[in-house]
Number of protein chains: 2
Amino acid sequence: MSSGGPPTIVSIAERAGVSIASVSRVLNGLGARPETEDRVRRAATELGYVPNAVARSLKGGHTRQLTFAVPDIGNPVYVAMVREIQAVAKAAGYRLLLHSTDADVAEELGVVRSLADRTSDGLVLVPIRITPEHVEALTAAPGPVVVIGSLPDGVPVDAVQADSVTGAALAVHHLVQAGRRRIAFVNGPVDTVPGGNRARGYRGALAACGLPYDPGLVTATDFGVGAGARAVARLLDARPGLDAVFCANDQLAIGAVQALHARGWRIPEDAAVAGMDDSDLAVAAWPPLTSVDLGAGERGRRAARMLLERLGPGDGEPVPARRTTAAPRLVVRGSTSPGAAPAGSDEQEGARSA
Amino acid sequence: MSSGGPPTIVSIAERAGVSIASVSRVLNGLGARPETEDRVRRAATELGYVPNAVARSLKGGHTRQLTFAVPDIGNPVYVAMVREIQAVAKAAGYRLLLHSTDADVAEELGVVRSLADRTSDGLVLVPIRITPEHVEALTAAPGPVVVIGSLPDGVPVDAVQADSVTGAALAVHHLVQAGRRRIAFVNGPVDTVPGGNRARGYRGALAACGLPYDPGLVTATDFGVGAGARAVARLLDARPGLDAVFCANDQLAIGAVQALHARGWRIPEDAAVAGMDDSDLAVAAWPPLTSVDLGAGERGRRAARMLLERLGPGDGEPVPARRTTAAPRLVVRGSTSPGAAPAGSDEQEGARSA
DNA sequence: CTGAAAGCGCTAACAT
DNA sequence: ATGTTAGCGCTTTCAG
């Protein structure tokens with residue numbers, strides 16, 4: 001007699017009058033005499049049997065779970081990644097473990113090492129920064145990892161990165177074409193991956209356009225609406241002649257817009273504003289923000305796919321670490337171009353309910 | 001000699017020259033002779049041993065994983081919930097499994113049933129709608145569940161809900177106090193939990209204020225920026241005398257603002273606009289949106305805590321299902337009140353990086 | 001085609 | 001204090 005607890009293959013075996021091996025076979029679609037097959041299926045249904053995934057994992061050596069570790073789940077960029085990764089994972093029959101590192105380097109390293117506890121089959125990691133410890137931990141990773149960010153060559157780990165340099169160039173060129181010459185740059189912390197890359201992108205783009213680099217037009221504080229507003233307020237005092245503000249992300253751009261509005265500047269007439277990431281915030285602003293889509297969703301999707309490939313049948317020789325880069329895309333809206341993007345026009349549908 | 005694969009307690013036992021039981025005891029902090037303790041710890045460190053979480057789960061009967069199932073991970077409201085739930089879970093030593101149901105009822109039911117596979121110890125579910133099947137599945141849930149939404153009494157499952165009625169009342173009263181009388185209402189689908197509740201809230205609030213209910217001032221389509229813009233464009237044709245637009249969420253409100261701007265209406269002078277959810281979008285808009293905070297984060301936090309309580313030592317008699325409601329909070333900004341919310345003022349900090 | 005039995009890695013009796 | 005052993009639920013040889 002089977003006692004309490006949920007039904008197991010043993011309960012089914014007893015009820016069907018067969019061995020547990022037969023139960024397992026039938027349930028896994030291996031051959032069996034129709035009679036046996038029938039008895040087992042019936043018993044399973046009657047008992048409301050559901051296979052214990054943990055036991056399966058222990059036997060099989062894999063959990064069909066993927067971990068995605070991000071600095072901050074609230075950030076729109078990471079949200080876009082989560083969304084895509086979750087979709088890819090689900091389609092491949094994997095569950096998604098979401099881990100917030102709270103932008104803490106030690107935690108990031110911990111996540112990599114915790115691959116060893118076999119809780120998930122692989123990891124997609126978005127590091128806030130790449131330290132020597134990262135390189136070390138990643139090199140010795142006890143399981144498959146894909147990094148979203150810029151990893152040095154030589155680290156034997158797949159990576160998918162954004163092209164901030166080209167992205168910034170797109171924005172700067174666009175502003176220059178629109179007749180702007182004194183283009184301020186509002187950045188976040190330069191010692192983070194995104195901050196550092198975007199700073200380089202801005203300088204490079206300026207040079208490429210033959211424009212001088214004026215440190216007085218550049219600020220770097222925090223990524224955030226308030227930081228953007230304060231930075232621009234300061235810039236407006238120091239460089240009242242600026243005619244455009246390029247921001248390292250949309251939050252900063254929102255802050256910039258607010259600061260400009262507060263002083264009665266018209267956008268884009270008096271100053272154009274451009275952001276980066278093309279998040280939902282961009283369309284929420286007024287005027288709607290021109291923004292560079294750095295392909296967050298695309299990066300997430302690719303990272304997930306690469307990870308899945310590593311998990312597939314590891315036949316043959318070891319595949320070397322791959323590097324791939326998502327192409328940036330400029331999305332022009334009213335904040336830089338008077339006529340652009342009428343209200344309720346296109347995109348942004350897809351009915352996110354609430 | 002221990003062969004390939006990651007180290008297990010057996011490898012450690014061999015190396016330390018003790019039994020696997022001793023290894024387990026030492027590693028779990030149970031008593032042992034200092035000498036033994038030492039040998040084990042040393043061996044474990046040298047081998048880089050990490051306990052296999054799957055094996056532990058199989059033995060212990062729990063995974064220390066929680067599942068959070070939402071209709072759409074991209075929605076700011078759910079993002080706020082994820083953020084809090086993840087924080088609570090992490091603090092309690094649980095991992096978070098994120099599941100997107102894509103607003104599909106069948107998937108929601110599937111998630112509830114899949115509790116039976118023992119992959120996670122409990123579930124927080126945000127149903128898009130509550131059908132009789134939901135009630136049935138929830139009643140027969142093979143594990144602890146907490147629902148975020150309005151569950152009928154009698155369903156033996158914990159639930160935490162928003163108070164849309166009071167929330168809508170807060171907004172409507174605020175608008176009335178600001179001198180508005182013809183308050184339009186832009187809603188999403190009425191057959192969803194949020195849509196239905198907000199519709200009731202609006203009607204109730206109107207009645208409480210002694211204002212007539214004019215169906216011509218009400219629209220219900222999709223939750224989304226574009227839908228909001230189109231709805232308001234239509235409203236402006238049908239009821240050009242409106243002096244305020246109350247929207248069932250911030251996306252709709254953003255759309256409303258755009259439609260009004262497009263026609264040259266000034267906000268809030270010609271028409272005030274208020275939204276719901278107080279998401280990041282609210283501060284991104286210009287003017288910043290007055291919005292009703294329905295306590296998404298708070299609901300997430302409470303749901304997680306309730307679930308954790310169920311998972312705790314189930315000593316004594318069974319605790320009956322609990323219902324709790326998060327109090328709404330009106331956040332007044334420039335879209336209804338000319339002076340409010342200067343740029344880069346307060347909140348919104350917390351430096352979400354990018 | 002089917003059953004018996006081993007074993008995934010760990011914990012917890014039970015015995016010494 | 002430590003070792004031996006059973007067993008969590010399942011898959012998979014290996015015999016029959």
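Each chain gets a letter, A, B and so on, in the order its sequence line appears, and its residues count up from 1. Side chains are part of it too, since the values below use all heavy atoms of this structure and drop only hydrogens, waters and symmetry mates.
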Seminar exercise, completed: note: B:His62, atom NE2; C:dC10, atom P; distance rounded to Å ~ 15 Å
For this session: For B:Thr8, report the nucleic acid contact type (base, sugar-phosphate, nothing); a contact means any heavy atom under 4.0 Å.
Result: sugar-phosphate
Are there any protein N/O atoms within less than 3.5 Å of an N/O atom in nucleotides 1-3 of chain C, and if so, which ones and at what distance?
| residue | atom | partner | partner atom | Å |
| --- | --- | --- | --- | --- |
| C:dT2 | OP1 | A:Arg33 | NE | 2.7 |
| C:dT2 | OP1 | A:Arg33 | NH2 | 3.0 |
| C:dT2 | OP1 | A:Thr36 | OG1 | 2.2 |
| C:dT2 | OP2 | A:Arg33 | N | 2.7 |
| C:dG3 | OP2 | A:Ser19 | N | 3.0 |
| C:dG3 | OP2 | A:Ser19 | OG | 3.1 |
| C:dG3 | OP2 | A:Ser22 | OG | 2.7 |
| C:dG3 | N7 | A:Arg25 | NH2 | 3.1 |
| C:dG3 | O6 | A:Arg25 | NH2 | 2.5 |

Exercise. For the pair made of NZ in A:Lys59 and C1' in C:dG9, what is the distance, rounded to whole Å?
Worked result: 12 Å
Exercise. Does the A:Asn28 side chain pair with the main chain of A:Leu30, one donor and one acceptor, at a distance under 3.5 Å?
Worked result: no
Exercise. In residues 48-57 of chain A, what residues come within less than 4.0 Å of DNA chain D, judged by heavy atoms?
Worked result: A:Tyr49, A:Pro51, A:Asn52, A:Ala55, A:Arg56
For this session: Take A:Glu35 and A:Arg39 through the test salt bridge (Lys or Arg N to Asp or Glu O under 4.0 Å) and record every step on the way to the result.
Result: CA-CA 6 Å; A:Glu35 153 91 25; A:Arg39 303 170 61 84; 3.5 Å; yes
Problem set entry | Spacing of B:Leu58 atom CG relative to C:dC8 atom C1', expressed in whole Å | 9 Å
Please tabulate, for side-chain N and O atoms in residues 145-155 of chain B, each donor-acceptor pair with protein atoms closer than 3.5 Å (sequence neighbours left out).
| residue | atom | partner | partner atom | Å |
| --- | --- | --- | --- | --- |
| B:Ser150 | OG | B:Gln161 | NE2 | 3.3 |
| B:Ser150 | OG | B:Asn197 | ND2 | 3.4 |

Seminar exercise, completed: Note: chain A reaches DNA chain D at heavy-atom distances under 4.0 Å over the stretch, first to last nt, 5' to 3', of D:dG9 to D:dT13
Seminar exercise, completed: Hits for salt bridge (Lys or Arg N to Asp or Glu O under 4.0 Å) against B:Glu136, two or more places apart or cross-chain, chain-then-number order -> none
Problem set entry | A:Thr63 side chain to A:Thr119 backbone, donor-acceptor under 3.5 Å | yes
Problem set entry | Gap between atom CZ of B:Arg95 and atom CG of A:Leu97 - 0.5 Å precision | 6.0 Å
Exercise. With no hydrogens and no angle check, is any side-chain donor or acceptor of A:Thr192 less than 3.5 Å from a backbone partner on A:Arg129?
Worked result: no
For this session: Please list all pairs passing the salt bridge (Lys or Arg N to Asp or Glu O under 4.0 Å) test where one or both residues lie in residues 50-71 of chain B, with sequence neighbours left out.
Result: none
For this session: Please determine if B:Arg42 and B:Glu46 form a salt bridge, counting it only when a charged side-chain N lies under 4.0 Å from a carboxylate O.
Result: no
For this session: Spell out, as yes or no, whether a donor-acceptor pair under 3.5 Å connects the side chain of A:Ser24 to the backbone of A:Ile20.
Result: no
